[in-house]
Amino acid sequence: MAGAQISPGELDELVRENRTFGALSVEARHLVSEALEPVSVPGGAVLMREGDPANCLYLVAAGRLRVTTLDAEGNPYALAEVGRGDLVG
């Protein structure tokens, strides 16, 4: 997953619009924006799996991610879909 192309201004806007980060001071939001590392995820790719170490938090800049789990028979089913401005991880 190579780095995605997103400008610092776009990152600032994305952080400001987020429900969690939007309540922070301007200075704190700027620190969050500076800490972000853009990642591009191809359609259909798995970003993380249940049980993976919780060492990342993703802020969706564009597109949609489907959050899935397995039922008792081992079949995948969707729990949610997330999009621009949502956090996953």
Side-chain angles (χ1 to χ4, degrees):
M1 289 183 268
Q5 298 298 319
I6 186 167
S7 74
E10 290 172 310
L11 286 176
D12 285 340
E13 179 181 338
L14 190 61
V15 169
R16 181 178 44 79
E17 292 173 354
N18 176 267
R19 291 177 295 221
T20 301
F21 299 133
L24 299 174
S25 69
V26 172
E27 295 82 12
R29 288 195 315 261
H30 185 68
L31 291 173
V32 169
S33 295
E34 287 183 332
L36 294 176
E37 297 179 20
V39 174
S40 179
V41 181
V46 175
L47 179 61
M48 68 185 85
R49 297 189 186 283
E50 189 172 352
D52 282 353
N55 58 3
C56 290
L57 181 65
Y58 296 92
L59 177 58
V60 180
R64 305 216 39 91
L65 298 173
R66 183 175 296 128
V67 180
T68 63
T69 192
L70 300 177
D71 64 18
E73 289 79 40
N75 300 310
Y77 71 93
L79 295 173
E81 275 197 10
V82 296
R84 179 180 168 82
D86 290 327
L87 294 170
V88 293

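Note that the coordinates shown come from a computational prediction; the quantities given were computed from them, not determined experimentally.
The shortest side-chain heavy-atom distance between E10 and E13 does not fall under the 4.5 Å cut-off.
Closest non-hydrogen pair, S40 versus P42, comes out as O-CD, 3.8 Å.
Note that CZ of R29 and CG of L11 are 13.5 Å apart. Values are rounded to the nearest 0.5 Å. For the atom pair CG of L59 and CG of L14, the computed distance is 4.0 Å after rounding to the nearest 0.5 Å.
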Please output the side-chain donor-acceptor pairs of residues 73-85 that fall under 3.5 Å, not counting sequence neighbours, one pair per line with the distance.
{"residue": "E81", "atom": "OE1", "partner": "R64", "partner atom": "NE", "Å": "3.2"}
{"residue": "E81", "atom": "OE2", "partner": "R66", "partner atom": "NH2", "Å": "3.3"}
{"residue": "R84", "atom": "NH1", "partner": "A61", "partner atom": "O", "Å": "3.1"}
{"residue": "R84", "atom": "NH2", "partner": "E17", "partner atom": "OE1", "Å": "3.2"}

Show me the donor-acceptor pairs, under 3.5 Å and distance only, between side chains in residues 48-55 and residues at least two apart or in other chains.
{"residue": "E50", "atom": "OE1", "partner": "T69", "partner atom": "OG1", "Å": "3.0"}
{"residue": "D52", "atom": "OD2", "partner": "R49", "partner atom": "N", "Å": "2.8"}

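Under the 4.5 Å side-chain heavy-atom criterion for Ile, Leu, Val, Met, Phe, Trp and Tyr, L24 and L31 are members of distinct hydrophobic clusters.
Applying the side chain to side chain contact (heavy atoms under 4.5 Å, CB included) test between L57 and each of T20, L36, L87, V88 identifies L87 as the sole match.
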